[in-house]
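First the proteins, then the strands, lettered A, B, ... as listed; each starts at 1. Please read all numbers here as calculations on a predicted model, not as lab measurements.
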2 protein chains.
Amino acid sequence: MQSKPTTIKEIARILNISPSSVSRGLHDHPSIGAVTREKIKQLAKSLNYEPNKAAILFQKGKTYTIGVILPELSEHFFSIAISAIEDEAIKKNYTVIFAQSHDRYELEVKLVEKMKNQRVDGLLVSISKDTSNFDHFEKLNSFNIPIVFFDRIPPFKNVHYVACSLETATVKAVNYLLRKGHRSIGMINGPNTLYASAERKDGYKQAITFNRLKFDPSLIVNCDLTEQGTIDAVEKFLNHKRKPTAIVAFNDYVALFLIKYLKKLNVVHNFDIVSYANLPIISYLDHSPIASVEQYPYLQGQKAINILLDLIHSPNVKHQAYYNTIVDADLIINDVSA
Amino acid sequence: MQSKPTTIKEIARILNISPSSVSRGLHDHPSIGAVTREKIKQLAKSLNYEPNKAAILFQKGKTYTIGVILPELSEHFFSIAISAIEDEAIKKNYTVIFAQSHDRYELEVKLVEKMKNQRVDGLLVSISKDTSNFDHFEKLNSFNIPIVFFDRIPPFKNVHYVACSLETATVKAVNYLLRKGHRSIGMINGPNTLYASAERKDGYKQAITFNRLKFDPSLIVNCDLTEQGTIDAVEKFLNHKRKPTAIVAFNDYVALFLIKYLKKLNVVHNFDIVSYANLPIISYLDHSPIASVEQYPYLQGQKAINILLDLIHSPNVKHQAYYNTIVDADLIINDVSA
DNA sequence: CAAAATTAATCAAACGTTTGCGTTGTTTTC
DNA sequence: GAAAACAACGCAAACGTTTGATTAATTTTG
């Protein structure tokens with residue numbers, strides 16, 4: 001025996017009124033009398049009425065669904081960010097669908113297309129690390145689907161985004177190392193396609209020059225964020241004429257690769273390491289980074305979806321202004337000896 | 001300018017045929033001639049026609065959506081499992097919505113209700129660790145919404161589920177420790193509400209008695225899987241008259257807590273540790289578990305959703321038989337000295 | 001060659017909800 | 001006391017797609 005869910009029609013039939021009145025009654029429309037309204041609501045409750053979402057979606061042409069595209073769910077940052085997105089969405093009665101680009105541009109393009117076909121009301125995106133072309137996002141404009149980028153954002157301002165000021169954070173990080181006496185600081189940076197890479201570089205430069213030191217570009221090396229890429233980067237430092245005594249790693253995963261390799265070479269104690277992400281797991285390492293930049297994924301996710309919902313609900317005016325939201329990043333000190 | 005998406009009606013109007021013919025043409029219905037069919041398909045393609053999913057859902061009374069409820073997305077196991085679910089869903093043109101119970105029973109109940117109201121076609125569930133009442137799942141039966149449990153499953157057989165044989169895995173783990181010469185092996189088990197706890201216990205007992213050793217129940221202690229709970233558990237071992245030389249931890253997170261605490265007490269080298277989950281991060285620890293049980297989350301997720309899709313597509317017969325799928329778990333040896 | 005079968009398409013209803021407009025009565029206003 | 005205002009509800013269309021029933025034209029069959 002499968003029970004058919006209750007419909008508005010059935011309530012109308014039982015109460016001998018029209019379906020439209022039931023609909024209006026349930027929505028507190030002023031043209032329905034208080035008595036009728038209460039009768040409707042009571043019966044609806046007792047019959048366990050739940051609006052058929054599919055019918056509403058169809059009728060309104062909205063899906064109350066927002067899409068999320070991010071590189072890797074198993075990265076701690078994103079798993080937390082999406083938790084925030086989900087929490088907020090549930091509150092506002094939106095449904096979230098998500099997909100992973102696995103950091104591949106072509107997959108990202110396909111997913112954006114998929115999301116469009118799913119008729120999402122809006123999109124939250126953290127771009128893949130080899131995305132340098134953004135046409136697939138621009139297409140959505142003509143369909144009036146707003147996009148908010150978060151964390152991994154495109155390198156221009158005329159989009160909505162939420163991100164950390166990694167530049168400021170990097171200044172803090174480098175300053176911290178300088179205060180600890182380091183004079184040659186290496187940086188393992190990400191690919192140049194990432195805006196975050198530029199920010200880290202700028203922050204590094206800024207801190208160095210502000211402290212009246214000479215900026216040496218060869219102390220910043222790019223890396224594809226894989227384990228092998230990290231090893232290649234480290235090698236450059238080890239062979240450097242001004243061998244660094246401290247290293248700023250692109251994120252905690254890179255830091256892990258880095259530490260593993262340095263341990264293998266038995267030189268891990270020659271380096272102070274600072275990283276980004278502040279993974280909880282990091283504190284369990286023996287030789288962990290002495291500091292890590294916390295990027296507040298939950299907060300970022302929260303802000304991003306709230307901006308998106310705002311865009312969805314705002315009238316169809318072309319936004320001249322873009323939301324460019326910066327979340328403060330903090331340097332978390334793990335160094336017990338500090 | 002916002003383009004309205006192309007509809008069947010419009011294609012029909014342009015081609016001077018009826019909407020129903022267009023629909024049938026697109027679905028290769030035999031009653032549409034080959035010429036007309038091709039004309040329809042070509043025009044549809046050139047107009048970038050995409051079926052309005054909302055309309056189809058509404059019409060068919062199906063949502064092509066499956067719900068996933070799991071305890072914590074930031075747990076590596078689940079983030080991998082849901083990746084598998086998502087991958088399979090995309091292939092079959094299903095949409096996945098998910099929610100986290102954060103290991104709380106009341107939240108889980110609400111989420112199940114939410115999913116029901118969203119009219120999901122089916123549900124994939126990994127139950128929270130303090131769920132001992134299963135009425136909220138039984139309600140879904142009358143709505144004909146199939147459920148497949150995975151990993152964290154209820155303690156009875158008359159449901160569909162996919163899980164590891166943790167019993168077998170535990171036998172392997174304990175045998176491994178016994179072969180390494182350990183004669184007093186502690187186990188930090190989970191709450192008794194979890195079926196997985198019973199399995200671990202049984203496996204432990206089985207390995208011990210099979211090796212003609214005496215089973216000492218006080219060497220198995222329950223734990224709520226928090227850091228403090230783990231510390232409390234360890235304390236019992238440290239004060240035990242037959243102080244264990246090896247410990248089987250409930251999972252890698254517990255192992256982390258455990259190792260951290262033992263390090264603090266400077267006794268970490270007195271113990272061999274075996275754990276479950278095989279977190280990638282574990283290998284970066286200095287003193288990591290010498291072995292870990294791999295539960296193949298991707299495979300479990302894959303099997304679970306395929307079973308669910310099977311149930312969804314199968315005719316409305318009451319299944320007398322239940323899918324009780326066991327995925328083999330393997331003991332992965334990390335011990336370099338082994 | 002009439003009857004039956006086949007082919008190719010159309011018609012109309014249906015899914016559940018929302019909403020602009022119209023229709024009743026009843027009450028207020030000057 | 002007639003006109004205007006209002007309160008409370010019903011009617012019907014609309015959203016896009018699918019599908020059972022129907023029709024019309026063509027072909028096959030005995």
Side-chain angles (χ1 to χ4, degrees), chain A residues 2-41 43-44 47-65 93 116-121 143-144, chain B residues 2-41 43-44 47-65 93 116-121 143-144:
Chain A
Q2 72 215 41
S3 357
K4 290 267 168 240
T6 316
T7 71
I8 274 192
K9 287 187 179 179
E10 202 174 323
I11 297 180
R13 200 178 43 75
I14 298 178
L15 254 40
N16 248 319
I17 56 181
S18 78
S20 48
S21 295
V22 176
S23 172
R24 290 190 165 100
L26 291 171
H27 289 88
D28 294 318
H29 192 281
S31 83
I32 299 296
V35 203
T36 321
R37 195 202 321 130
E38 286 316 310
K39 270 201 290 187
I40 292 171
K41 288 194 174 179
L43 185 59
L47 289 182
N48 248 317
Y49 168 75
E50 291 289 346
N52 182 330
K53 228 182 174 183
I56 298 178
L57 305 187
F58 170 53
Q59 210 280 138
K60 295 206 165 186
K62 282 188 57 179
T63 57
Y64 292 93
T65 298
N93 260 303
K116 193 204 75 190
N117 297 345
Q118 297 259 12
R119 309 278 205 279
V120 294
D121 289 344
F143 287 89
N144 227 29
Chain B
Q2 72 215 39
S3 359
K4 290 268 168 239
T6 315
T7 71
I8 274 192
K9 287 186 179 178
E10 202 175 323
I11 297 180
R13 200 177 42 76
I14 297 177
L15 254 41
N16 248 319
I17 56 180
S18 77
S20 47
S21 295
V22 176
S23 172
R24 289 191 164 101
L26 291 171
H27 290 88
D28 294 318
H29 192 281
S31 85
I32 298 296
V35 204
T36 321
R37 194 201 322 129
E38 286 316 310
K39 270 202 290 187
I40 292 171
K41 288 195 176 179
L43 185 59
L47 289 182
N48 249 316
Y49 168 75
E50 291 289 344
N52 182 331
K53 227 182 176 182
I56 299 178
L57 306 187
F58 169 53
Q59 210 280 139
K60 295 205 163 184
K62 280 188 59 179
T63 58
Y64 292 94
T65 298
N93 260 302
K116 195 204 74 191
N117 296 345
Q118 297 258 13
R119 309 277 205 281
V120 294
D121 289 344
F143 287 90
N144 226 29

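The separation between B/R13 atom CZ and C/dT10 atom C1' is 18 Å, rounded to whole Å. Spacing between atom CZ of A/F58 and atom P of C/dT19 amounts to 14 Å, rounded to whole angstrom units. Between A/I17 atom CD1 and C/dT18 atom C1' there is a gap of 15 Å when expressed in whole angstrom units.
Heavy-atom minimum distance, B/S18 versus B/A12: C-CB, 3.7 Å. Taking both residues in full, the closest heavy atoms of A/L26 and A/Y49 are given as CD1-CE2, 3.7 Å, listed atom of the first, atom of the second, then distance. Of all heavy-atom pairs between B/S21 and B/I40, the closest is O-CD1, 3.6 Å. Residues B/S31 and B/R24 approach most closely at OG-CD, 4.0 Å, considering heavy atoms.
Of all nucleotides in DNA chain D, those with any atom nearer than 4.0 Å to a heavy atom of chain A start and finish, going 5' to 3', at D/dA8 to D/dG16.
Side chains of A/K41 and A/D28 form a contact here, defined as non-hydrogen atoms less than 4.5 Å apart.
Counting non-hydrogen atoms under 4.0 angstrom, B/G61 reaches nothing in the nucleic acid. As judged by a 4.0 angstrom heavy-atom cut-off over every strand, B/S20 is placed among the base-contacting residues.
Within a 6.0 Å radius of NZ in A/K39, other residues, nucleotides and ligands contribute 12 heavy atoms or fewer.
Sequence order on DNA chain C of the closest nucleotides to B/A34 and B/R119 puts B/A34 first from the 5' end.
Here the rule is side chain to side chain contact (heavy atoms under 4.5 Å, CB included) with A/T6, and of A/L47, A/N52, A/I14 only A/L47 fits it.
No side-chain donor-acceptor contact under 3.5 Å links B/H27 to the backbone of B/H29.
Annotation: proximity of residues 21-31 of chain B to DNA chain C (heavy atom, distance under 4.0 Å) is found for B/S21, B/R24, B/S31, numbered in ascending order.
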